[in-house]
Visitor: 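Have a look at the structure that comes next, please.
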Amino acid sequence: MLKISLDKLDKLFEAISASQTLYIPVDREDGAAEYKKYENGMKLSSALNTLRSAKDFFFPQTENLVDFKMEGQNIEVIDVREESEDFVIFGVRACDARSFTILDKVFLAEPVDSYYKNRRDHGTVVTMACTRPTETCFCGTFGIDAAAPEGDAACYSDGESLFIEAHNEKGQKFIDSISSLLEDGDTAKLEAVRAKTREILKKLPLANLTTDNFGGDKLNEYFNSDKWGELSESCLGCGTCTFVCPTCQCYDIKDFNTGHGIKRFRCWDSCMYSDFTKMAHGNPRLTQLERFRQRFMHKLVYFPANNNGEFGCVGCGRCLAKCPISMNIVKVMKALEVK
Amino acid sequence: MDKNLKEQVLRSSGVNVLKCMRCGKCSGTCPSYDEMEYHPHQFVYMVERGDIETLMHSKSIYKCLTCFACVDRCPRNVEPAKVVEAVRLAAVRQQGNNHMNPNQIPEMLDDDLPQQAIVTAFRKYIK
Amino acid sequence: MQEAMINKAKQLLADGTVDRVIGWKRGEFAYDITPAVFETAEELEKEFVFDDFTAANVSKYLVKESKKEGKILAFLKPCDTYSFNQLTKEHRVVRENVYIVGIPGGPKLDAEKIKAKGITGILGVKNENYTLKIDTVYGEETMPFYEAILDKCATCKSKKHVVYDELIGDEGEVLDSNRFDMVEKLENMTAQERYDFWRGELSKCIRCNACRNVCPACTCEKCVFDNPNSGVENKAPADSFEENMFHIIRAFHVAGRCTDCGECSRVCPQHIPLHLLNRKFIKDINSLYGEYQAGEDTTSRAPLNDYKQDDCETTVVHERGVE
Amino acid sequence: MKRIGVFVCHCGTNIAATVDVKAVAEALGHEPGVVISQDYQYMCSESGQNLVKNAIKEHNLTGVVVCSCSPRMHENTFRKAAASAGLNPYLVEIANIREQCSWIHKDIASATEKAIILGKAAVAKVHLNSPLTAGESPVVKRALVIGGGIAGIQTALDIAEAGFDVDIVEKNPTIGGKMAQIDKTFPTLDCAACILTPKMVEASQNEHITIHSFSEVADVKGFVGNFTVKIKKKARFVDETKCTGCGLCTEKCPMKKVPNEFNMGLDNRTAIYIPFAQAVPKVATIDPNYCMMLQKGKCGICSSVCSVGAIDYKQEDKIIEQQYGAIIVATGFNPIKLDKYDEFAYNQCPDVVTSLELERLMNAAGPNGGTLLRPSDKTHPHKIVFVQCVGSRCDDSKGKPYCSKICCMYTAKHAMLIREKYPDTDVYVFYIDVRTPGKNFDEFYRRAVEQYNVHYIKGMVGKVTPRSDGKIDVQASDLLANEQLHIDADMVVLAAAIEPDKTARPLATMLTTQMDTNDFFTEAHPKLRPVESATAGIFLSGACQGPKDIPETVAQASAAAAKAIGLLVKNSITCNPCVAHSDELMCNGCSSCEKVCPYGAITYIDKEFRMPDRTTAIRRVASVNPAVCQGCGACTVACPSGAMDLNGFSNSQIMSEVDAICK
Amino acid sequence: MQVNDNKDFQPLIVAFCCNWCSYAGADLSGTNRLNYPTNVKIIRVPCSCRVNPMFILRAFQRGADGVILCGCHPGDCHYTSGNYFTRRRMTLLFSMLDFLGIERDRTRVEWVSAAEGAKFAATMNEFTEAVRKLGPNRRLEDLRCRKQ
């Protein structure tokens, strides 16, 4: 496998950013990691994961769809779409890498979401294998190997060098563009590191959580479960879980009157919000219980029902860490599960 | 009539002579009234008319004790003493720099000189 | 303490004083505690928890719970009692339907602080003589207890319960906290520095509304930011202005009502020090209109619903500090 | 879909000279919803109004924007025009392009641009206007007169005459006010008491009039037609209903060294007292500061001599509450304190007196039984100096900037009376100007000069120095003779400026009426509405509005009464429909709005609601009484959820104006 | 490089005036032909206490460079106490804006009576000049609303 010494990472990033925009996770002052556009001198974060997921790159929180310009009583419609620039997201973890597969199923299915596709086509995802998974991780539950992430290209560290391999043509093109910096390397030590990581993954508190009892065919078992009341009673109805989630893909479309025109934009919505999917007749889910149920039923039942058994969760653990009242999909699965 | 002179007096006194309503309280209160050819209320009115030179040539400008009784009692805040002072200053300026040096004052003092005159002299000559 | 509380709850349930109990329920890990309502002794035995991580202020839940049939037992920490009192004052809770047992306050721990030390894979946390022994999948780690406490506990304003039906443990006192130090530090910066500081902080906002939804002062039936007819509704911070707008107006709406319970900053997934906005208002109110602690009583007039004829003019803002 | 008409007024050249009105009409014609946009010479003229009316009918307009002068000028005109054409009057908005545009700007291009923006803001607002209907609120058929001087008495008598109940609140133990203290009145020189006391008696006997003497207004709530007033009846320690006013108690009271305020402190009274013989109500009052029973618990003589048992040492202040439809303020005036005028030696020399003190000195019921004697040695003065404008027309902090108006005339009166009664007395009057406009006034003054030989000297007294021989040295200037005079006077009389009573300022706050910087009440219009305050239902009577002599005061008192009667005869008045209202679905019931409402218009009700989760719940929600609400909007900002909004100035309307301006 | 005194900059000033005093004061400055810049656009409100902080922020969002609030002098409020509430609200709001690093001179409260036409004009001249010196409002604007 091709590799580069870890102390030459700066050189690697400089080379990538010379030809296209590069995003890497960096540490913020408060210790949290976030993706930043690479500028010389930036250091790759060693954090397990970024606070916000990587979905922003393809599905940003707000996105302008179309403009209406108003002159007196006339309205002109302006298409604001532009071809996206090429960019690389480096250091995506296995869970987030899988989340793109899930988002693709939504946005690239017919009718294709051209805004999403535009970015997806121009973005190269370079993943990074995990070496220090934490207690909130449960990617294994969804068949994700944290030590062998997906993506256009994947990186692995053995503590000294960074190994890199392509998974597809886009990944190969990426590697080709930086090949002058790479050399062939021995993966023996790397394999040991990966084995160790896999050992740790097995020891994690959520290692035994499975989706065996969930899936598209479980609607009736769970929809009317009497557990929902208890599970949702302390839910604040905030959107933290949905906004840190790499797979939540619901959005709202709104018009903003700028005074001289209308900007029609979409922004993330949360099924936890009281006006979620509000329609002319009103709101289909009137109570927090219903909204709460929607979120988990969607991830564990509805999504697999519509997508060949694929679950709408990747086990990144962000919601476990961030929910203000510590209610999350793991607790829901454990409480709900009928074996 | 010298308009500049009027301007100068108005500016250096800072007084708005138009506020005077001719009540004569300044003259009614003035301790030097009998010594003066022109009295405080006349000062104000003559300055308003621009008749400054007459005042400058009158000994009245040196009779004002600057006791400020008129200033204190004027119901309109016109401050006649400041007008008198300004006219006096205008006269001094025209005479060139022949005014007294404050250091000369102590040797000129005698026991009969009223305390008020000394204090007001300092007020006048310190500038 | 946990034992005493469970016993108290069981006793009050048994003698019919209360029908339900609101407290905290243990989670998957050492720290992921969820506020919960218990109805039976068995549930209490099994799941009720009170430890260094039970920081959540349960008083806001009483807005809904106190309107249900029967009486509910609420375990309130000193800071929570201020929130409860404020809610009583604003007629948002039905005082008669709540039996309040005052319990000792913090300092409570912040799992995020432990994680920020680079400690991952946390399996258990033990407090031994104010040193935290943290069991992780990567071995045992230690850190000083006080380095892991919540910001809101580090600047605790009071250990006194302002309302209760009975107390477990000793009553504390109002503390002479240094809670305005950071506000003061910011006030002493230049306008440009302040602007840069807040831009940096507020630009992190993802408008998850956790701060608003956890806030015991934010109990509006419908928030103006959720109401399409209000003219200011917005769902996502589409422009830096909207980040400012949301947080300024939210702080303004709770000004004089915020008890400084610190929940907003505790729950912010982006660690934005939102409490500083509220504290700025509290500090201004204290210095301009006289000391006022929201929630201290249930009768006083909120400073913004009150005035004195000789109040300072708005120019006071121009006259002080640095521009 | 809105159908809005825009009408741009030229106002002759007032607008058209600086604003291109055609361009404004043209530009606004392109705004969304605008179906017709016209300009016209004088939009407020009958033909201009017809233009609006016809357009409303012809184009079936749902909103009208008039770009013209200030809405304070013609908003009502156009609202009425719209109403007569069948459009709700509150669907009319005015863009102020005269006072706030054409009159203040010179450059046509920028003024036109601004006029267009102001027009756009009005169009944006009118899009959100909704038809409003004015409600009605009943009028309580009772009036309150605050102050029982000649102004208050006259107003009360006139209102009672019209058949309405009226209450007088007087802070002193008796009504009568300043006029009761005056000896004679100018220019007729008839005795003040002779013409005042019959009116006082008439007031006390009129079945429609209730006199609350020794009382103060403690609180005023409500609004025109429906004021709720709390009146504090101060404890006088005498049961008014029992006391016959026989005066035995005042004779027997051992505490005889109390300065008599009715005689300006020139003599003494007893601790239990009746201010003067003709007092109304003629009831004794105990002065608790001097009464030995109340101070030390020893004495009780008055109680033992009172044959009807009217004395009640345990009496306490009592608050009574009453509803009124109209309130008339007649709080009157006082002479200013002369403490700051050292040059007149008022505080040093008892023979330097104010004019009001002179009135008492000359009055038959006064300290000397009507003989003019010097207060110091009770000798007859032979040379008296009057000083005019003491504290009046002053630009300094000591006095008042205004002319007190009455001094010239009463000084002439005093001078004349003294010369008449004591021809051996020399009387000097130092004046700045003598101001005597008024029927028979100048003739009166000339009589003092020509027939009574009063020495009128143009000039001001600069210094008054009491001498050891009992004479008073008056140093003054005689401006016409251009000399400084020294007069060795026996008495000096100072014509002190008059100022509004000190109780007026807090009262104005309670009544929400405006005052000028001198604490005189401000009339609604200086020429056209001189006896009304800007606050509906509050009228002004007498010197509380500005210095006045007796005939003028009485004239104004009757005018205020006429205005109040005009209000009281109505059964109801039309309310302003631009009031607050609460959206119950959004209301939290938190009470913030109630706390900031100055009118107490907001109450809370428990109401059953169907909640989002299909359950029903009882919630506490705010409810606004539209008859009480005056539409200030304080509640709308206090309400965090935005449940409270204001008709005519709603959140969305104001924001749409902001948007249009900032576009 | 931006010139410091921003001589050519035309700031947009939104003035909220209470109906009873300040709006009448503004009318009086018109009646007396006292000039102030066209930059000032007045919105009539019944009382200064009707002005919600949201309106002020809204104006800044939409491109206002300065917002001034005029009401009756304290004690003279047509509604007794409205301006007292205004004073507290605005003191706190302005203090908060200052805390967030927004330029202080962009906001102001001025008490203008119906008789103070001259004061109204002088205030508007002064305020416009102060805002002109600050330059365009960049810290509290919504980029989407910026004029193209």
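Below, read A as the first sequence line, B as the second, and so on, with proteins coming before strands; counting in each chain starts at 1.
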Visitor: What I want to check is whether the side chains of C:His318 and E:Asp105 have a donor and an acceptor closer together than 3.5 Å.
Guide: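 There is such a pair (donor and acceptor under 3.5 Å, judged by atom type) between the side chains of C:His318 and E:Asp105.
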Visitor: Based on non-hydrogen pairs under 4.5 Å, which of C:Lys308, C:Met245, C:Gln309 is most in contact with chain E?
Guide: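 Between C:Lys308, C:Met245, C:Gln309, the count favours C:Gln309.
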Visitor: Counting only non-hydrogen atoms closer than 4.5 Å, does C:Asn244 touch chain E with its backbone (N, CA, C, O), its side chain (CB onward), both, or neither?
Guide: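 Answer is side chain: those atoms of C:Asn244 sit under 4.5 Å from chain E.
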Visitor: Using non-hydrogen atoms and a 4.5 Å limit, figure out which bit of E:Leu97 sits close to chain C: side chain, backbone, both or neither.
Guide: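 Side chain of E:Leu97 only, per the 4.5 Å heavy-atom cut-off to chain C.
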Visitor: Heavy atoms only, distances under 4.5 angstrom: which of E:Trp111, E:Phe99, E:Phe85 has the most pairs with chain C? Name it, please.
Guide: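 Counting heavy-atom pairs under 4.5 Å, the top option is E:Phe99.
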Visitor: Hey, which residues of residues 32-60 of chain E are touching chain C, say heavy atoms under 4.5 Å apart?
Guide: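 At a heavy-atom separation under 4.5 Å, chain C is reached by E:Pro53, E:Met54, E:Leu57, E:Arg58.
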Visitor: Determine the minimum heavy-atom distance between E:Glu141 and C:Phe241, stating which atoms define it.
Guide: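 Heavy atoms of E:Glu141 and C:Phe241 come nearest at O-CB, 3.5 Å.
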Visitor: Could you check C:Val317, C:Thr314, C:Leu304 and say which one makes a side chain to side chain contact (heavy atoms under 4.5 Å, CB included) with E:Leu92?
Guide: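 Considering C:Val317, C:Thr314, C:Leu304, a side chain to side chain contact (heavy atoms under 4.5 Å, CB included) with E:Leu92 is found only for C:Leu304.
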Visitor: Under a 4.5 Å cutoff for heavy-atom pairs, which residue among C:Ile285, C:Val232, C:Leu277 has the most contacts with chain E?
Guide: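 If we count pairs closer than 4.5 Å to chain E, C:Leu277 comes out on top.
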Visitor: Can the positive tip of E:Arg139 be found less than 6.0 Å from the middle of the six-membered ring of C:Tyr195, inside 45° of the ring normal?
Guide: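 Yes, E:Arg139 sits over the ring of C:Tyr195.
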Visitor: Is it the side chain or the backbone of C:Asn305 that comes within 4.5 Å of chain E heavy atoms, both, or neither?
Guide: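 Answer is backbone: N, CA, C or O of C:Asn305 sit under 4.5 Å from chain E.
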Visitor: Examine whether an atom of E:Thr86 lies under 4.5 Å from a heavy atom of chain C, and if so say whether it belongs to the side chain, the backbone or both; otherwise answer neither.
Guide: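 E:Thr86 has no heavy atom closer than 4.5 Å to chain C.
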Visitor: Please state whether the side chain, the backbone, both or neither of C:Glu201 comes within less than 4.5 Å of a heavy atom of chain E.
Guide: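 Neither part, no heavy atoms under 4.5 Å.
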